[in-house]
Amino acid sequence: MNTFSHEIISQLIAAESPCYYYDMRLLQATLKACKQAADAHHFKVHYALKANFNEPILAAIHQHYFGADCVSGNEVMKAIKTGFNPNEIVFAGVGKTDKEILNALQHDIFCFNVESVEELRIINELAASQHKTARIAIRINPNVDAKTHQYITTGLEENKFGVNAWELNDCIEVLKQSPNLELIGIHFHVGSQVKDLDVFKSLCLKVNEFNTWFADRGFNLRVLNVGGGLGVDYYHPDEQPIVDFEAYFTIFDQFLERKKGQEVHFELGRSLVAACGTLISRVLYIKKGLKKNFMILDAGMTELMRPALYQAYHKIENLSRIDDKSTVNYDVVGPICESTDTFGKEVELPESQRGDLIAIRTAGAYGEVMVSRYNLREPIKAVYSA
């Protein structure tokens with residue numbers, strides 16, 4: 001579905017590189033599939049803006065009636081500016097500033113996902129200063145191994161995120177003394193790029209335990225927020241460009257024990273936008289050596305940080321030579337003055353030359369949002385399918 005037609009390649013040849021290309025038809029199909037699968041179980045999905053806050057992308061997501069999951073004050077404001085209803089915005093993050101909290105309170109967002117005992121006290125004080133009541137969910141560290149890269153694991157006790165189980169009694173004591181807080185739910189997130197659905201089954205069992213723990217103490221929780229983390233296939237982007245949302249949501253439907261009236265909320269990002277985005281670049285130089293051949297692109301780690309940050313894989317294609325049969329192995333690198341500026345090593349590609357158009361696939365999540373101006377790079381532009 002996300003293959004490059006001659007028409008699209010012609011469009012990209014005319015575009016200035018490097019740039020991000022977004023397949024809006026694939027995005028629309030992905031959003032529709034997710035919404036239908038979630039609605040079948042009466043689940044609510046909040047889109048995680050940290051994955052991609054490109055405005056046409058956000059506009060498409062908003063049109064499909066998703067909520068917004070934000071991890072900064074500016075993301076909260078971006079969601080509101082793009083049309084998301086404040087009553088469908090959740091605000092997470094271990095380091096919310098007073099300014100960010102006050103701004104979110106003024107817009108009466110749906111919920112703060114609170115990540116420490118001290119944060120409970122601070123939000124209560126700030127809410128009191130504004131004569132408001134803040135709706136909160138306690139983010140609990142479930143100590144579930146996401147079986148993913150160590151840099152994108154968030155649900156273990158060694159991670160900085162969330163409240164640990166032994167701190168929950170302290171949370172209860174603070175809540176009893178906080179008239180400007182309303183506990184509406186509990187929140188969990190085990191990590192990102194999770195491919196093993198058994199991880200989510202394990203999460204459900206943990207959520208059930210904590211749900212019962214709160215019920216036993218007289219708290220009738222309205223929301224069970226199970227986060228996101230559903231992974232995508234970076235190796236075969238055209239085989240299943242839309243992930244199996246039905247299988248994902250069915251896990252929670254089968255194993256999550258909901259009490260009467262409880263809502264189940266999700267925070268999905270990567271699985272909604274990763275496949276629709278491609279980083280487009282051009283070959284600047286080919287350096288042939290005795291042991292290595294280097295393909296030097298006009299895009300670098302400043303345009304796509306994931307490979308340098310945590311050795312992430314992205315499929316690389318030469319769009320100028322799709323039908324060529326003879327291949328060469330290249331280390332595909334960028335122009336940035338860092339040895340980590342590498343997209344892939346020993347990548348088998350058609351024999352390439354200066355000016356060839358290169359596609360780095362599945363870059364719609366954590367691509368454009370992480371662009372930097374290091375080396376005083378030019379701001380990157382985006383192009384969109386019709």
Side-chain angles (χ1 to χ4, degrees), residues 1-26 232-242 274-309 311-336 338-368 371 377-378 380-386:
M1 186 174 187
N2 197 26
T3 53
F4 292 88
S5 66
H6 292 298
E7 179 183 1
I8 291 171
I9 292 175
S10 296
Q11 179 187 5
L12 295 174
I13 289 173
E16 180 182 349
S17 66
C19 66
Y20 273 93
Y21 166 72
Y22 292 108
D23 184 340
M24 301 303 285
R25 287 167 291 188
L26 176 57
V232 301
D233 189 346
Y234 284 94
Y235 289 86
H236 309 98
D238 294 319
E239 289 185 10
Q240 191 181 10
I242 300 175
C276 78
T278 301
L279 176 61
I280 300 297
S281 184
R282 281 185 171 84
V283 177
L284 292 175
Y285 305 102
I286 298 293
K287 289 177 66 174
K288 295 183 178 181
L290 294 176
K291 296 183 178 180
K292 286 279 188 182
N293 295 305
F294 289 96
M295 175 186 288
I296 303 171
L297 305 182
D298 61 4
M301 60 188 284
T302 44
E303 285 69 51
L304 181 61
M305 176 63 78
R306 295 186 73 251
L309 184 62
Q311 301 81 52
Y313 174 87
H314 289 263
K315 185 175 182 180
I316 301 172
E317 299 173 346
N318 187 327
L319 300 183
S320 299
R321 303 178 187 280
I322 292 176
D323 299 323
D324 286 13
K325 302 302 181 185
S326 61
T327 62
V328 175
N329 285 355
Y330 297 99
D331 279 15
V332 182
V333 302
I336 306 305
E338 299 285 347
S339 295
T340 53
D341 185 29
T342 300
F343 292 117
K345 294 186 176 182
E346 296 296 318
V347 181
E348 185 178 4
L349 290 167
E351 187 167 3
S352 306
Q353 64 184 36
R354 176 178 170 84
D356 282 358
L357 200 65
I358 302 299
I360 303 178
R361 303 289 302 278
T362 324
Y366 308 104
E368 188 180 359
V371 166
R377 298 280 287 171
E378 291 287 338
I380 196 164
K381 297 179 181 178
V383 296
Y384 309 87
S385 65

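As the structure is a computational prediction, the values presented were derived from the model and not from experiment. Quick note: residue numbers are just sequence positions, from 1.
- The heavy-atom pair separating R306 from A365 by the smallest distance is CD-O, 3.8 Å.
- No more than 12 heavy atoms of other residues, nucleotides or ligands sit less than 6.0 Å from atom CD of E7.
- Rounding to the nearest 0.5 angstrom, the gap separating the CD atom in E239 from the CG atom in D233 is 6.5 Å.
- With sequence neighbours excluded, no residue forms a side-chain hydrogen bond (donor to acceptor under 3.5 Å, both in side chains) with D341.
- Distance CG/L349 to CG/D324: 11.0 Å, rounded to 0.5 Å.
- M24 and Y384 get closest at one heavy-atom pair: SD-CD2, 3.8 Å.
- Side-chain contact between F343 and E303 is absent, with no heavy-atom pair separated by less than 4.5 Å.
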Apply the test side-chain contact (heavy atoms from CB on, under 4.5 Å) to residues I336 and R377: give CA-CA distance (whole Å), side-chain angles for both, the deciding distance (0.1 Å), then the verdict. CA-CA 9 Å; I336 306 305; R377 298 280 287 171; 3.6 Å; yes
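- What you find for L279 and C19 is that their closest heavy atoms are CD1-O, 3.5 Å.
- For the pair N318 (side chain) and S320 (backbone), a donor-acceptor distance under 3.5 Å is present.
- For E351, the CD atom counts as loosely surrounded, since its 6.0 Å shell holds 12 or fewer non-hydrogen atoms of other residues, nucleotides or ligands.
- To the nearest 0.5 Å, atoms OG1 (T342) and CD (Q311) are separated by 10.5 Å.
- In this structure a side-chain-to-backbone donor-acceptor pair under 3.5 Å is missing from Y366 to A274.
- For R354 (side chain) and Y285 (main-chain N/O), no donor-acceptor pair under 3.5 Å exists by modelled atom type.
- Within 6.0 Å of the NZ atom in K345, the count of heavy atoms belonging to other residues, nucleotides or ligands does not exceed 12.
- To the nearest 0.5 angstrom, I316 atom CD1 is 7.5 Å from L297 atom CG.
- Atom CD1 in I8 sits 10.0 Å away from atom CG in L319 (nearest 0.5 Å).
- E378 places no side-chain N or O within donor-acceptor distance of the main-chain N or O of P18, the cut-off being under 3.5 Å.
- With sequence neighbours left out, Y330 forms a side-chain hydrogen bond (donor to acceptor under 3.5 Å, both in side chains) with no residue at all.
- Each of K291, K287, K292 was checked for a salt bridge (charged side-chain N to carboxylate O under 4.0 Å, His left out) with D331, and the lone residue meeting it is K292.
- Across every non-hydrogen atom of A299 and S281, the tightest pair is N-OG, 3.1 Å.
- Using a 4.5 Å heavy-atom cutoff, the side chains of T362 and Y313 are not in contact.
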Step by step, would you call M295 with V328 a side-chain contact (heavy atoms from CB on, under 4.5 Å)? CA-CA 10 Å; M295 175 186 288; V328 175; over 6 Å; no
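- Closest approach of K288 and N293 over heavy atoms only: CA-OD1, 3.4 Å.
- Checking side-chain atoms of R282 against main-chain N and O of I13 turns up a donor-acceptor pair under 3.5 Å.
- Heavy-atom minimum distance, Y21 versus S385: OH-CB, 3.3 Å.
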Would I9 and I322 satisfy side-chain contact (heavy atoms from CB on, under 4.5 Å), going step by step from the backbone distance to the final call? CA-CA 11 Å; I9 292 175; I322 292 176; 3.6 Å; yes
Could you walk me through whether F4 and D238 satisfy the side-chain contact (heavy atoms from CB on, under 4.5 Å) test, starting with their C-alpha distance in whole Å, then the side-chain angles of each, then the deciding distance to 0.1 Å, before giving a yes or no? CA-CA 10 Å; F4 292 88; D238 294 319; over 6 Å; no
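- Taking OG1 of T278 as the start and CD1 of I360 as the end, the distance is 9.5 Å to the nearest 0.5 Å.
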